[in-house]
Amino acid sequence: MRFNQTKIKMDFQDIVSHCKEYGFIYQSSEIYGSLSAVYDYGPYGVQLKNNIKEYWWRAMVQAHENIVGLDSSIFMHPQVWVASGHVAAFNDPMIDNKDSKKRYRADHLIEEFYVGKQESKIEKEVEKAKKRFGDAFDEAQFRSTNPRVLEAQVKIDEALRRMNEVMNNNDLEAFKALIDELEIVCPVSGTRNWTEVRQFNLMFSTQGGGSVGDDVLYLRPETAQGIFVNFLNVVNTSRQKIPFGIAQIGKAFRNEIVARQFIFRMREFEQMEMQFFVRPGTEMEWYNHWKEKRMNWHRAVIGDNSTHRYHNHEKLAHYANAALDIEFNFPFGFRELEGIHSRTDFDLTAHQKLSGKKLQYFDPELKESYVPYVVETSVGCDRMFLAILSHALQEDIIPNADGEDATRKVLRIHPALAPVKCAVLPLVKKDEALTKVARDIFDRLKYSFECQYDEKDAIGRRYRRQDAIGTPYCITIDEQTAIDGTVTIRERDTTKQERVAIEAVEKIVAERIDMRTLLRTL
Ligand code: GAP
């Protein structure tokens, strides 16, 4: 069979449209005009999201004897957020343009509209040189020697260095001066008529009633604090010894100043976090351990060495003594996908102080008590979803039923994560004997994994529908089935078909989609 695997990567807008068109993601409250930066997951979206969470949970909790799970509440005592530092310091710097009335995060303004501009200058130079030199072009050498590229790179480094400095010093006047000096204009009004830079607390709050009186309650901005305040409960009830981890998946809420880029930056999102409690002094060893482990977890399902990279933090959060991001190359460039933080004993010590309860661990080997240090891994489930979608969605050129080239949209999601594992398709709807066999197969498979039965439209269109939602296998029941009890299994990525006995289908598909195979590679 002729198969032209011309893979065309889709741009960001295609991905957003695909999510809506195929029932992965909808805007929240759409019939009322939507709510900015809040999204709902549709039928395939929720399946994929559940599979991502299962992949994380099994890799972190099930596969580690020394990691246990937790599901803590979203509302917590308001003092939790005082102790954690969020009430005082969970801020982002914001700035408004007086003409367009648009609000921006001051650091994003520099990153997107100054650093981004310099980066595109560099890319333009590289593209021009590629065309000029053809096959003889040495990109690495060009990037490290071309004067225009080097000049732009110096500007980027200097702008980021100064931005980090003003942020570390919390010097909002210097921040504004830097924006003026870099001559950043508002992309909407085209002017440089900026307000001062102000700090904006990202926590949503509401009012409690009953036993908490009229106290302000916060919607948690991270799941981690639920783990810290339950540290002693888990130590006393789980028989875990340090080093050990507590993991949880749950919603978090942040009143992001500017929430663009679809589900990349949302106001309500889901985190998958693990706090690993260690002996003081061993935290860097564990930090490096989890840094590697988490990168492997990502690369096992998407991409290769070019899709992910580490980014060490220069500006550390108020709780960290070392921190890095695992970045993914999203359609809009490399951005944070997961954070790995060495949080020291900051949180437990702060809760100990404010609550008056000892949050210490008695180490039976050292025969002494101490407040453990913590290494945290924290990945956004929604960002992982976006990374998977943007990597997997491609356009192929394959032959249609008449042998002519036709394009198809195909989601090359890892089979263990695919929302639907298998579709059962009788070749023709009118043949009752065939549809009965197909129904019987579907009824048998549906208890093993997520299946779909589809008899509507020509077979080519049904394959396209399954390709678009990432179904790795299609079972087709045709005339040959009535003769010898065999069916075909079509593989999504190659479109290759193999003929197998009906009795073998369940075992074959079950083996190929089995998450255990993936987990064993980690
Ligand atoms: N407990 C540490 C913590 O919350 P973070 O770097 O602020 O650290 C961790 O967040 C992860 O949560 C990020 O790497 C990202 O994947 C996800 N995340 C953070 N803010 C988000 C938002 N507004 N929308 C979607 N995901 C977000």
Side-chain angles (χ1 to χ4, degrees), residues 25 28 35-39 41 49 52-53 56 70 72 74 76 80-81 83-86 89-92 105 107-108 200-204 218-229 245-276 287 290-291 294-295 297-298 302 308-313 315-328 330 332 334-344 346-348 350 374-390:
I25 295 173
S28 162
L35 190 61
S36 161
V38 187
Y39 292 90
Y41 285 82
K49 206 171 172 216
I52 294 171
K53 289 191 263 187
W56 186 84
L70 183 78
S72 68
I74 287 172
M76 297 167 76
V80 168
W81 305 108
S84 67
H86 284 80
F90 195 53
N91 301 322
D92 273 340
R105 248 177 79 169
D107 50 338
H108 286 181
F200 179 79
N201 193 288
L202 299 185
M203 281 199 294
F204 281 104
Y218 297 102
L219 274 73
R220 65 179 178 199
E222 61 170 9
T223 59
Q225 297 304 323
I227 293 179
F228 290 123
V229 298
I246 305 177
Q248 97 163 309
I249 298 176
K251 289 266 181 164
F253 304 83
R254 294 183 190 177
N255 198 1
E256 299 284 357
I257 297 170
V258 182
R260 280 195 297 259
Q261 294 168 325
F262 195 38
I263 56 168
F264 181 81
R265 196 174 304 285
M266 302 156 88
R267 297 204 163 104
E268 172 181 340
F269 57 100
E270 222 163 344
Q271 288 187 315
M272 306 188 286
E273 297 200 299
M274 193 273 297
Q275 315 298 131
F276 201 71
Y287 176 75
W290 284 110
K291 168 182 161 179
R294 294 303 305 150
M295 185 62 105
W297 182 88
H298 286 285
I302 358 175
H308 297 80
R309 69 182 187 194
Y310 293 116
H311 168 75
N312 290 316
H313 284 202
K315 178 186 186 297
L316 292 174
H318 59 274
Y319 48 73
N321 70 356
L324 62 86
D325 297 335
I326 293 178
E327 292 188 338
F328 177 74
F330 288 96
F332 36 83
F334 274 99
R335 295 283 189 288
E336 174 184 351
L337 172 59
E338 168 152 7
I340 315 281
H341 310 122
S342 172
R343 289 180 82 128
T344 67
F346 174 89
D347 303 86
L348 287 179
V374 171
V375 174
E376 166 186 74
T377 72
S378 174
V379 56
C381 183
D382 314 86
R383 274 198 200 170
M384 185 64 188
F385 189 110
L386 183 60
I388 289 172
L389 252 284
S390 48

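Numbering of ligands and ligand atoms starts at 1, following listing order. Residue numbers count from 1 along this sequence.
The option from R383, E338, E273 that lies nearest to atom 3 (C) of ligand 1, judged by heavy atoms, is E273. The heavy atom nearest to atom 20 (N) of ligand 1, out of those in E222, E268, R254, is found in R254.
Listed by chain and number, the residues in a side-chain hydrogen bond (donor to acceptor under 3.5 Å, both in side chains) with E270 are K49, K53 (sequence neighbours excluded). Residues forming a side-chain hydrogen bond (donor to acceptor under 3.5 Å, both in side chains) with D347 (at least two apart in sequence, or on another chain): Q225, R343.
Residue I263 has no N or O atom closer than 3.5 Å to an N or O atom of ligand 1. For a threshold of 3.5 Å applied to N or O pairs, the pair formed by M266 and ligand 1 contains at least one separation below that value.
Summary of contacts: the protein heavy atom closest to atom 18 (N) of ligand 1 is F269 CE1, 3.5 Å. Summary of contacts: the protein heavy atom closest to atom 9 (C) of ligand 1 is S378 OG, 3.0 Å. The single protein non-hydrogen atom nearest to atom 10 (O) of ligand 1 is Q271 NE2, 3.5 Å, given as residue, atom name and distance.
Close contacts of ligand 1 with E336, meaning ligand atoms under 4.0 Å from a residue heavy atom, involve 6 (O), 13 (C), 14 (O). Each of the atoms 14 (O) of ligand 1 lies under 4.0 Å from some heavy atom of G339. Proximity to E376 (heavy-atom distance under 4.0 Å) selects the following atoms of ligand 1: 1 (N), 2 (C). Every atom of ligand 1 is numbered from 1 in the order shown, and the set under 4.0 Å from a heavy atom of F264 is 24 (N), 25 (C), 26 (N).
Under the 3.5 Å distance criterion, with hydrogens and angles disregarded, no donor-acceptor pair is assigned to the side chains of E222 and S378.
Between H341 and ligand 1 there is a heavy-atom distance shorter than 4.0 Å. For the ligand labelled ligand 1, residue L337 lies inside the 4.0 Å heavy-atom shell. Residue contacts with ligand 1 include R343, since one or more of its heavy atoms lies under 4.0 Å from the ligand.
Residues I263 and Y41 have side chains in contact (heavy-atom distance under 4.5 Å, counting atoms from C-beta outward). The shortest distance between side-chain heavy atoms of F200 and N255 falls below 4.5 Å.
A parallel orientation is assigned to the rings of F330 and F332, their planes being inclined by less than 30° (bins at 30° and 60°).
Between the side chain of Y218 and the backbone N or O of M76, no donor-acceptor pair lies under 3.5 Å. Side-chain N or O atoms of R267 include none that pairs as donor or acceptor with a backbone N or O of V38 at under 3.5 Å.
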